[in-house]
Amino acid sequence: MRVDQLHPWPSTAAEAEAVQDALRGRVELTGPEEFALVAGLDVHYHGDDEVTAAVVVLDAATLDVAEQAVAHGRAAFPYVPGLFAFRELPALVSALERLTVTPDLLVCDGYGLAHPRGFGLACHIGVLTGLPSMGVGKTPFVGESEPPAPERGSWTPITYGGATVGRAVRTRDGVRPVYVSQGHRISLDTATRQALLLAPRHRIPEPIRRADHLARHPPS
DNA sequence: GCGACAG
DNA sequence: ATCTTGTCGC
């Protein structure tokens, strides 16, 4: 698939925050409810600043792999909480550009709306591609949430500044929840439903698990 | 002031 | 993210 021009790349934290503030208004919080091709994205770090980005596209109906791609590069920004997306975005976009199919949903490792400025990685990549996107985080980062009931499928809201920005979702009985938030062109109900549909067996949704594996063990 | 802080 | 063994459970 093709991804349009990123934007002037920030060299300081202030510039990066300005990019987030400029793009935040483009996020749409409603969209399709079902997706035929779902892509998981993840990045693996080696050495100092070397990264391998992986994208794995699954057939949503069977969870079989439809296509996958990797791209090697360098972390494009220092790690600063809240500016995490700037580290991984260029490598992820390179990997997406190597796909011959266009996914219907991007599932990111990290947050979307649940972010100090309401514009985490999932929102950012959704706006750049124009595709529906959502974030699945493994640890609570922003906002407050009560633990959901222990049964798979239960969830509680994540609130930040009085607003609901995501949900803590239990994808496995008795296992700590994942933290789901909207990226772009998706409702919170749909994102929650997708997180559960895509994680029938493990805590982490299958597209992200596959992408994590591919980034750690790229071919040749 | 210090630690914590998506990955 | 990464540095790191064994162990319990499905």
Side-chain angles (χ1 to χ4, degrees), chain A residues 10 13 16-17 19-20 23-24 27 39-56 70-95 106-128 133-145 150-152 158-161 164-184 188 191 195 199-218:
Chain A
E17 290 179 8
V19 169
Q20 292 179 331
L23 296 181
R24 185 173 42 196
V27 168
L41 318 190
D42 195 20
V43 172
H44 177 67
Y45 292 76
H46 346 244
D48 236 359
D49 262 346
E50 300 164 53
V51 298
T52 299
V55 183
V56 179
V70 300
H72 301 285
R74 291 203 154 268
F77 207 79
Y79 175 67
V80 180
L83 301 178
F84 170 59
F86 294 94
R87 261 177 105 56
E88 304 195 338
L89 223 28
L92 287 171
V93 166
S94 297
L106 304 180
V107 183
C108 300
D109 191 356
Y111 282 152
L113 257 201
H115 174 275
R117 276 173 302 285
F119 197 74
L121 172 65
C123 298
H124 205 143
I125 208 153
V127 166
L128 290 185
S133 63
M134 57 181 277
V136 178
K138 296 185 285 292
T139 61
F141 168 54
V142 71
E144 303 295 330
S145 63
E151 297 77 29
R152 165 180 158 85
I158 300 170
T159 58
Y160 181 65
T164 295
V165 295
R167 288 176 182 163
V169 179
R170 194 82 71 176
T171 53
R172 286 196 68 179
D173 288 356
V175 173
R176 63 194 169 118
V178 294
Y179 302 87
V180 173
S181 58
Q182 291 154 278
H184 183 51
L188 186 51
R201 178 174 163 67
H202 300 284
R203 178 170 88 114
I204 304 299
E206 207 60 26
I208 295 181
R209 293 186 73 240
R210 298 273 194 164
D212 178 85
H213 182 87
L214 180 60
R216 289 175 194 270
H217 309 286

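Here is how names work: the chains are called A, B, and so on, in the same order as the sequence lines, proteins then strands, and each is numbered from 1.
- Between A:F86 and A:F77, the ring planes lie tilted relative to each other; the angle falls in the 30° to 60° range.
- No side-chain heavy atom of A:V165 sits under 4.5 Å from any side-chain heavy atom of A:S181.
- Rounded to an integer number of Å, the gap from NE2 of A:H46 to P of B:dG7 is 18 Å.
- Protein atom CD1 of A:I208 is 16 Å distant from nucleotide atom P of B:dA6, rounded to whole Å.
- If you take CG of A:D48 and P of C:dC3, they are 13 Å apart, rounded to a whole angstrom.
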Practice item. Kindly indicate, with the supporting measurements, whether the criterion side-chain contact (heavy atoms from CB on, under 4.5 Å) is fulfilled by A:D212 and A:I204. Key: CA-CA 10 Å; A:D212 178 85; A:I204 304 299; over 6 Å; no
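- Between A:V51 and A:E88, the closest side-chain pair of non-hydrogen atoms is not below 4.5 Å.
- Of the side-chain N and O atoms in A:H44, one or more sit less than 4.0 angstrom from OP1 or OP2 of C:dT2.
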Revision key, fill the gap. Given Watson-Crick and G-U pairs under 3.5 Å, DNA chain B in dot-bracket ([ ] crossing, | other strand) is .......
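- The aromatic rings of A:F84 and A:Y79 stand perpendicular to each other, their planes meeting at an angle above 60°, with 30° marking the opposite boundary.
- Rounded to whole Å, the distance from NZ on A:K138 to P on B:dC5 is 15 Å.
- Note on A:L83: a base of the nucleic acid sits closer than 4.0 angstrom, heavy atoms only.
- Taking the six-membered ring for Trp and thresholds of 30 and 60 degrees, A:H213 and A:H217 have ring planes inclined between 30 and 60 degrees apart.
- Among the protein residues, A:G135 comes within range of no part of the nucleic acid, since none of its heavy atoms lies under 4.0 Å from any strand.
- At least one side-chain heavy atom of A:Q20 sits under 4.5 Å from a side-chain heavy atom of A:L83.
- Between A:R216 and the phosphate of B:dG7, there is no side-chain N or O to OP1/OP2 separation shorter than 4.0 Å.
- Atom pair A:E88:CD and B:dA6:P shows a separation of 13 Å (rounding to whole Å applied).
- When the side-chain nitrogen and oxygen atoms of A:T139 are compared with OP1 and OP2 of B:dG7, one or more of them lie within a distance under 4.0 Å.
- Remark: ring of A:Y79 stacked against base of B:dG7; centroid gap under 5.5 Å, plane tilt under 30°.
- Looking at the side chain of A:R172, the nearest of the listed nucleotides B:dG7, C:dC10, B:dA6 is C:dC10.
- Side-chain atoms of A:L89 and A:L128, non-hydrogen and from C-beta on, do get closer than 4.5 Å to each other.
- Look at CD1 on A:I204: it is 10 Å from P on C:dA1, rounded to the nearest Å.
- Backbone-only contact: A:G137 has heavy atoms under 4.0 Å from sugar-phosphate atoms and none from a base.
- Side-chain contact between A:L92 and A:L121 is present, with at least one heavy-atom pair separated by less than 4.5 Å.
- Using cut-offs of 30° and 60° for the angle between ring planes, the A:H124 and A:F119 rings count as tilted.
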Revision key, fill the gap. Dot-bracket for DNA chain C, 5' to 3', Watson-Crick and G-U pairs with both distances under 3.5 Å, [ ] for crossing pairs, | for partner on another strand, reads ..........
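- The nearest whole Å value for the distance from the CG atom in A:L92 to the P atom in B:dG7 is 14 Å.
- A:R117 has its CZ atom 12 Å from the C1' atom of B:dA6, to the nearest Å.
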